Amino acid sequence: MRKKQLNSKENIKSLEEEKIFQKRLEKHLDELKWLYMELYENDSMFDELCNRMKQFFLERNKELKSRDLAREINQDWYKQNDMLGMMFYIDNFAGNMKGVESKLDYIQKCNVNYIHLMPFLDTPKGRSDGGYAVSDFRKVQKDLGSMKDLDSLTAACHKKNMNVCMDFVMNHTSEDHEWAKKARQKDGEYMSRYFFFDNEHEPSLYEKTVPQVFPTTAPGNFTWLEDANHFVMTTFYPYQWDLNYKNPRVFNEMMYNFLYLANRGIDIIRIDAVPYIWKELNTPCRNLPQVHTIVRMMRMISEIVCPAVLLLGEVVMEPEKVVPYFGTVKKPECHMLYNVTTMATTWHTVATRDVKLLKRQLDIVNSLPKDYVFLNYLRCHDDIGWGLDYGILRAEGMEERAHKKYLNDYFQGYAGKSNSCGELYNADPVTGDARFCGTTASMCGVEKAGFEQDDSAMEQAIKLDLMLHAYMFMQSGIPVLYSGDEIGQVNDYTYKENPDKAADSRYIHRGAMNWKLAENIENTDTVEGKIFCGLKQLEQIRKTEKVFVSNADTWTVETWDSSILCIGRYFEGEKIIGLFNFSEYDKTAWIDEKDGDYIDLISGNEIKPVGVNIPPYGFYYLKKK
């Protein structure tokens with residue numbers, strides 16, 4: 001009798017789940033099929049996709065399904081003012097996944113509830129591009145753990161109300177991937193999953209219109225395979241083979257990988273190199289309409305199978321090319337995008353002590369629909385490319401090549417009374433172009449001040465570091481820290497001793513977490529204690545003041561001083577004004593807010609926001625009483 005009762009309950013539960021899936025599928029079926037058929041005109045492959053989606057839905061565990069249901073009800077959960085991210089390489093942060101799990105209490109101390117695990121899927125040693133050359137989408141790098149360890153880590157994070165983000169590398173696979181190995185053996189089925197050519201004619205036609213990503217370290221967009229006697233498209237590095245999304249088998253299989261990873265408990269899927277995933281001859285192979293079709297289909301697939309999962313797009317381009325990846329309100333694509341141009345413009349502002357371009361950039365972002373959520377950051381795992389608005393700068397007398405040189409010289413510590421330390425990446429002597437690498441603390445002067453044992457310079461460096469974080473928290477969107485920034489960790493030059501890393505200067509800011517320094521986070525007599533406690537105060541303010549929600553009204557205010565930025569935020573009757581001095585001199589913000597009394601949330605002092613004096617690299621959070 002008891003066995004019959006259990007079977008009956010299981011049948012009822014199965015029917016309920018069937019209804020949930022069918023309801024979600026029916027909501028999107030017409031559009032999903034229309035878009036799929038527009039690309040592929042293949043009914044059988046679409047039917048296979050739908051069947052596999054159902055299978056992944058049924059395999060999703062009870063806890064994740066509960067998460068899905070809760071977030072379907074509260075779809076704005078990620079737009080709240082308590083969201084704070086941290087990104088790190090697993091091995092650098094804590095050795096392996098078990099190590100990360102053991103450090104979750106520390107992460108909570110940082111007020112972080114969203115961790116981005118940098119690439120951890122299986123990659124070939126020495127040909128990994130920092131983990132972005134995946135040889136197996138369903139296997140963890142041996143040194144980092146296993147899929148079982150990932151399941152354990154995500155479950156532990158969820159118990160602490162933390163979200164987990166990972167990179168999903170869609171544009172390409174490693175040349176060591178199973179598909180690539182079979183393609184190399186001239187298996188036509190697998191060759192069709194990439195771009196193979198038996199002569200140089202068609203590759204030469206692509207080269208006429210397709211820009212190079214790494215012109216110095218990996219020139220061109222194709223690689224000749226001597227053993228296969230073919231060219232293969234390799235937009236990034238020769239060991240990363242571009243996938244051919246014109247083949248429906250590629251799309252389907254990559255969606256199955258996506259759903260497999262979502263079922264491991266991943267909350268946020270970062271789609272790597274989104275603009276590149278569709279290729280057409282006689283085009284730049286960037287930002288083509290079919291890319292948006294694919295991302296829109298991904299969004300619908302996730303809403304059907306795993307609606308708790310968010311899509312984060314990596315679109316490292318100017319704002320007018322970034323914004324379309326949000327889609328529209330009725331047909332959304334990515335939930336979140338990186339605020340790349342603002343990040344680069346922030347460091348331009350540090351080097352020039354002039355906020356005009358940054359103010360203009362923030363005005364553009366603030367004018368966008370409130371549904372659009374940006375991830376804001378000062379530093380990440382990557383270099384800084386100086387993709388600024390040179391049309392505006394030219395009107396100020398700044399030519400592109402000369403200004404890029406100034407910025408790179410400044411942050412290497414060679415110009416503009418700079419205290420920064422760092423190195424160039426991918427410098428091109430022909431074009432004069434180069435990108436910059438360094439940690440936030442080193443760029444702010446912490447490294448140089450420590451080396452010279454200059455206490456006064458150190459105080460100034462810490463002030464600049466905290467001011468920049470305070471400003472970042474005022475931006476519209478979600479702030480993300482790079483691991484180590486919370487303790488002011490500086491550049492790590494030991495990468496030069498590792499033959500697998502020595503050629504890539506980005507490893508200068510990818511150093512291992514210094515847990516010895518992290519022991520000082522409560523000691524405000526130390527550099528790391530001052531930075532950690534300063535950030536903690538800012539984080540607490542952001543969590544308790546509702547004007548920091550992502551969809552608050554946000555605007556900039558004219559200060560009549562080129563070094564001072566003023567940002568206003570308003571939500572449900574509450575208002576805060578942020579003032580930020582980007583210079584090493586005392587300044588006055590000539591604002592005139594006469595709508596009542598204000599209190600500085602940092603010091604607790606009453607301050608009238610009229611002609612406000614701001615110390616070097618100082619800032620205020622002024623709240624209307």
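Everything quoted here is computed from the prediction, not taken from an experiment. Counting from 1, the numbers follow the sequence of the chain as shown.
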How close do [X] and [Y] get, counting heavy atoms only, and between which atoms?
| X | Y | answer |
| --- | --- | --- |
| Pro429 | Arg401 | O-NH2, 3.8 Å |
| Thr440 | Arg379 | OG1-CG, 2.9 Å |
| Glu314 | Ala273 | OE1-N, 2.7 Å |
| Ala589 | Leu579 | CB-CD2, 3.8 Å |
| Asp82 | Asn113 | O-ND2, 3.0 Å |
| His469 | Asp465 | ND1-O, 2.9 Å |

Establish, from distance only, whether the side-chain atoms of [X] and [Y] form a donor-acceptor pair under 3.5 Å.
| X | Y | result |
| --- | --- | --- |
| Asn520 | Glu528 | yes |
| Asn523 | Thr526 | no |
| Asn376 | Asn339 | yes |
| Asn426 | Thr216 | yes |

Is any side-chain heavy atom of [X] closer than 4.5 Å to a side-chain heavy atom of [Y]?
| X | Y | answer |
| --- | --- | --- |
| Thr352 | Tyr410 | no |
| Thr342 | Leu358 | yes |
| Ile268 | Met336 | yes |
| Trp347 | Ser420 | no |
| Ile564 | Val355 | no |
| Lys404 | Tyr390 | yes |
| Cys165 | Leu312 | yes |
| Val480 | Tyr114 | yes |

For [X], I'd like to know if atom [atom1] has over 12 heavy atoms of other residues, nucleotides or ligands within 6.0 Å.
| X | atom1 | result |
| --- | --- | --- |
| Tyr414 | OH | no |
| Lys608 | NZ | no |
| Asp455 | CG | no |
| Arg394 | CZ | yes |

* Asked: What pairs meet the side-chain hydrogen bond (donor to acceptor under 3.5 Å, both in side chains) rule with one or both residues in residues 614-625, with sequence neighbours excluded?
  ->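 Sorted pair list: Glu545-Lys623, Glu606-Lys625.
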Return the [atom1] to [atom2] distance between [X] and [Y], rounded to the nearest 0.5 Å.
| X | Y | atom1 | atom2 | result |
| --- | --- | --- | --- | --- |
| Gln80 | Tyr78 | CD | OH | 10.5 Å |
| Thr217 | Gln212 | OG1 | CD | 10.0 Å |
| Ile607 | Asp597 | CD1 | CG | 12.0 Å |
| Ile266 | Met166 | CD1 | CE | 5.5 Å |
| Asp129 | Asp272 | CG | CG | 8.5 Å |
| Met474 | Ile541 | CE | CD1 | 11.0 Å |

* Aromatic ring centroids of Phe88 and His116 under 6.0 Å? -> no
* Taking the six-membered ring for Trp, are Trp515 and Tyr106 ring centroids under 6.0 Å apart? ->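 Here the rings of Tyr106 and Trp515 have centres that are less than 6.0 Å from each other.
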Using a 3.5 Å distance criterion without hydrogens, assess whether the side chain of [X] forms a donor-acceptor pair with backbone atoms of [Y].
| X | Y | value |
| --- | --- | --- |
| Asn491 | Thr439 | yes |
| Asp167 | Met118 | no |
| Arg360 | Asp389 | no |
| Gln412 | Leu424 | no |
| Glu447 | Met443 | no |
| His509 | Gly438 | yes |
| Asp600 | Ile602 | yes |
| Glu333 | Leu311 | no |
| Asn514 | Leu517 | yes |

* Asked: For Asn92, what residues pass the side chain to side chain donor-acceptor pair (under 3.5 Å) criterion, not counting sequence neighbours?
  ->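 Side chain to side chain donor-acceptor pair (under 3.5 Å) list for Asn92, sorted by chain: empty.
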Pair [X] + [Y], salt bridge at N-O below 4.0 Å:
| X | Y | value |
| --- | --- | --- |
| Asp382 | Arg506 | yes |
| Asp105 | Lys109 | no |
| Arg569 | Asp553 | no |
| Arg353 | Glu584 | yes |
| Lys501 | Asp492 | no |
| Asp454 | Lys448 | no |

* Any residue meeting ring pair (Phe, Tyr, Trp, His ring centres under 6.0 Å) with Tyr276, in chain and number order, not counting sequence neighbours ->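 Tyr276 satisfies ring pair (Phe, Tyr, Trp, His ring centres under 6.0 Å) with Phe236 once adjacent residues are dropped.
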Does anything in [range] pair up under ring-ring contact (aromatic ring centres under 6.0 Å, His included), and if so which pairs, sequence neighbours excluded?
| range | result |
| --- | --- |
| residues 551-594 | Tyr471-Phe582 |
| residues 526-547 | none |
| residues 366-387 | Tyr132-His381, Phe326-Tyr372, Phe326-Phe374, Tyr338-Tyr377, Trp386-Phe411 |

* Is the Lys NZ or Arg CZ of Arg510 less than 6.0 Å from the centre of Tyr507's six-membered ring, within 45° of the axis? ->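 Cation-pi check for Arg510 and Tyr507: passes.
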* Can you check side chain to side chain contact (heavy atoms under 4.5 Å, CB included) on Arg542 and Leu538, steps first, answer last? -> CA-CA 6 Å; Arg542 191 172 183 279; Leu538 296 174; over 6 Å; no
* Could you go step by step and tell me if Glu539 and Lys543 meet the salt bridge (Lys or Arg N to Asp or Glu O under 4.0 Å) rule? -> CA-CA 6 Å; Glu539 291 154 4; Lys543 284 172 70 174; over 6 Å; no
* Would Val274 and Val291 count as a side chain to side chain contact (heavy atoms under 4.5 Å, CB included) if you check the C-alpha gap in whole Å, the side-chain angles of each, and the deciding distance to 0.1 Å? -> CA-CA 7 Å; Val274 191; Val291 174; 4.1 Å; yes
